[in-house]
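If you read the sequence from its start, that first residue is 1, and numbering goes on from there. First listed ligand is number 1; within each ligand, the first listed atom is number 1. Atom set for the values below is all heavy atoms of this structure, side chains included, hydrogens, waters and symmetry mates excluded.
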Amino acid sequence: KTIYLKDYQAPDYLIDETHLTFELFEDHTLVHAQLVMRRNPALSADLPVLTLDGQQLELLELKLDDRALSATDYTLTDSHLTLQPTQASFVVDSSVRIHPESNTALEGLYKSSGMFCTQCEAEGFRKITYYLDRPDVMSSFTTTVSGDKQKYPILLSNGNPVASGQEDDGRHWATWEDPFKKPAYLFALVAGDLWCVEDKFTTVSSREVTLRIYVEPENIDKVQHAMDSLKKSMKWDEEVYGREYDLDIFMIVAVNDFNMGAMENKGLNIFNSSAVLARAETATDAAHQRVEAIVAHEYFHNWSGNRVTCRDWFQLSLKEGFTVFRDAAFSADMNSATVKRIQDVAYLRTHQFAEDAGPMAHPVRPDAYMEISNFYTLTIYEKGSEVLRMIHTLLGEEAFRKGSDLYFERHDGQAVTCDDFVKAMEDASGIDLTQFKRWYTQSGTPRLAVAERYDAAAKTYTLTFIQSCPATPGQRESDKLPFVIPVELGLLDAQGDDLPLRLQGEAAAAAGSRVLSVTEAQQSFTFVDIAEKPLPSLLRGFSAPVKLSFPYDRDQLMFLMQHDSDGFNRWEAGQQLSVQVLQELIGQHQRGETLELDQRLVSALRTLLQDGSLDQAMVAEMLSLPGEAYLTEISDVADVDAIHGAREFARQQLAEALFEPLWQRYQANREVSRTTPYVAEAEHFARRALQNIALSYLMLTGKPEVLAATLEQYEACDNMTERLTALAVLVNSPFEAERSKALAAFAEHFKDNALVMDQWFSVQAASTLPGGLARVQALMEHPAFTLKNPNKVRALIGAFAGQNLVNFHAADGSGYRFLADQVIVLNALNPQIASRLLAPLTRWRKYGSERQALMKAELERILASGELSADVYEVVSKSLA
Ligand code: ARG
Ligand code: ZN
């Protein structure tokens, strides 16, 4: 069944107060709910039937205003409970039995490693009790939890603790009160045997907030980084957005079985343990940065999501796009801003652009869905964040802040729409964003082609922009209207310096960047006083999520790599150069010719490696060739084997040609790593990033001194970043004995640490050596593997299908068959994970006809495999349509 935005109707009834009591037992849980309700005063005075959402609930008792209802007084289906109120204000009491102990979907109330926890967004609360489970119904909540004191000494819910007590049968209870009205999707409950690290934060108005991070006892030594990140986030949101925390206590709980990264439940964030736990010995630099970003993201939701929430799920990007935009700015401030931008753009272009080009493409504000869980997408999150970033670029820092202040003030305590957000931005800035709003409604990635014309006699330089957007499901190309595309750009003179950018009719300008707003299908801008033909640096900082094309030649790209004043575009020039070089190699591979690497790439990278003044993280990013997934995305028909062969050939050639400078940089950085203890900070991330990418190139030469260095790093390092890289390098090397030895030693040493074992699975799943599927199948039998844990599924099966493209796309279809088999099993166990896992199969249009047929056959097989969850059905049926 499809739900449409155009069908939105305000709720017939409101819930002013929600009083919940949970009695937790080993083989069931009882949930008593008292809902203090009234007719929505915005609607007419008559009393329509009340339809409550409820799924997989066993109704034990139902009362309306203290009167027990019998089966003839209400209607019950597998998704709703309907009854007839008799007055405008009334109280509904229900008791239901549920089974968290056998809930493998990890939605609603469930058990993870012996503890009880919840995940209610988007529509999980209806699996806990009968309710109006929609975000525009906001209620105050009181929650009492009772359970065995020994097994569950910690009992938590949203808000502040107000009462607790013992019972004589070994049970105890605690009552929590959340004074802020919230939709049910922000409800949370946790019960378990947990330890916590506690800290304090004093807010800008001098209120003391207690901070607690709860984990299983054995992980108590891995929470300091998350706590530091939390305190930094709280301070940053006060300084940059003027947002203060509002309760006396803020809690984070880490759970091992979690479908996503984390959840912003009011005052009680629940996290995938992979997004909380981090310490040098067990988590990589990337994992440390991910923890910092996710802690910030969930904390920032307290304002962008909780205090101001979404009217309906079509508005999801209202909170997610905005909050990703906020966490990205935070991470940029905490670390290297340019590197953060490079990583975000690489991710967006590889994965969101692919989504935009696939069968599930949808606008930032979708207008229809079957299963909302399928819309927690890269488009809602990452493209949504880019849309906010463009508003920021168009308005400027100051007006944007005024707009966000107005938004929070105007809508505090409300459930609102993306239109309300944009209206606040318009009202605060005086800028009309009517046309800009097409970014919310038109799906697909716009193309922006740029042409130049230099008139030496008139000293003018004209740039002509032509924009278009390809067809996407439900939207023809001809239906799409021009976007507002902010193009930040500079013009470089022959020395590589930025020229002053003065458009015809303008007064003199200072040298540097400026932003042009491209608003028409075709539009030209003419710069005056340009004494010589300049070289344009376009879309600096990736100022809009578009596919830009400009006919650069390779020498120009090398020039930009060295001289562009915009760090992002220096990287981008390197990527474009690499893409040109790699596409040439791919062509040679396809024609069966001898591969020949353009030596200009070698010399460009040599220059970078030899420049000791550059940020090492930037050098590491620039040494990373565009990934196979990105090369796939930009191909019309992706030739898996040619892409892999060409890229590996280039890596091999670079490793040999640049052996000396790589080896030097490696040794110098390893020496620092060897002699300084691990620190999770930007300059150290940078040093290790360069060290590790250097090592992975060096090993391609197979030289004995590199093998020795890898083994030394593997054994002697004090942190997971170096250890995992050394392991990965061995796993992808021809040194079979050393590889097996390291893998076995690693597993033996870390067998009790599930998160580290995830990395052990991933490194092997991603190895492109032949025989990948057999290795993955063998690993599925490993005692540490289970399909019931989403992190394990992602680490092994997800990494295989998403990162090991040559093996997954094996020409005999074995990879596809394997993935479909897993999707069919997971469909019954955990529909959300099943539906996400199958994404690689939905990209069949990218491949040649033989692979297309094999991929489609597997999709058909899933479709015919029996009763499908809404999650899997929606993705499979849309990708076959
Ligand atoms: N709101 C959460 C976050 O982005 C994500 C929750 C997603 N849950 C889901 N079932 N899809 O921080
Ligand atoms: Zn979020």
Legend entry - Under 3.5 Å: donor-acceptor pair, side chain of Ser762, backbone of Ala799: no

Inset, instruction - Using a cut-off of strictly less than 2.8 Å, determine whether Glu264 has an N/O/S atom near the Zn ion (ligand 2). - result: no

Inset, instruction - Give the name of the N/O/S atom in Glu320 that lies closest to the Zn ion (ligand 2). - result: OE1

Inset, instruction - Scan Thr377, Val324, Asp344, Val387 and name whichever one has a side-chain contact (heavy atoms from CB on, under 4.5 Å) with Glu382. - result: Val324

Inset, instruction - For the pair Lys235 and Phe201, evaluate side-chain contact (heavy atoms from CB on, under 4.5 Å) and give the outcome as yes or no after the intermediate values. - result: CA-CA 9 Å; Lys235 184 134 190 61; Phe201 181 81; 4.2 Å; yes

Inset, instruction - Step by step, work out the side-chain contact (heavy atoms from CB on, under 4.5 Å) result for Ser385 and Arg326. - result: CA-CA 8 Å; Ser385 166; Arg326 278 150 53 67; over 6 Å; no

Inset, instruction - Mind jotting down which residue pairs meet the salt bridge (Lys or Arg N to Asp or Glu O under 4.0 Å) criterion with at least one end in residues 361-373? Sequence neighbours excluded, please. - result: Arg365-Asp419

Legend entry - Neighbouring protein residues of ligand 1 - any heavy atom closer than 4.0 Å: Gln119, Glu121, Met260, Ala262, Met263, Glu264, His297, Glu298, His301, Lys319, Glu320, Tyr376, Tyr381, Gln832

Inset, instruction - Salt-bridge test for Glu292 and Lys232: reply yes if a basic N is under 4.0 Å from a carboxylate O, no otherwise. - result: yes

Inset, instruction - Run through Asn830, Asp758, Asp257 and flag the one making a side-chain hydrogen bond (donor to acceptor under 3.5 Å, both in side chains) with Asn789. - result: Asp257

Legend entry - Metal-centred angle, NE2 of His301 through the Zn ion (ligand 2) to NE2 of His297, rounded to 10 degrees: 100°

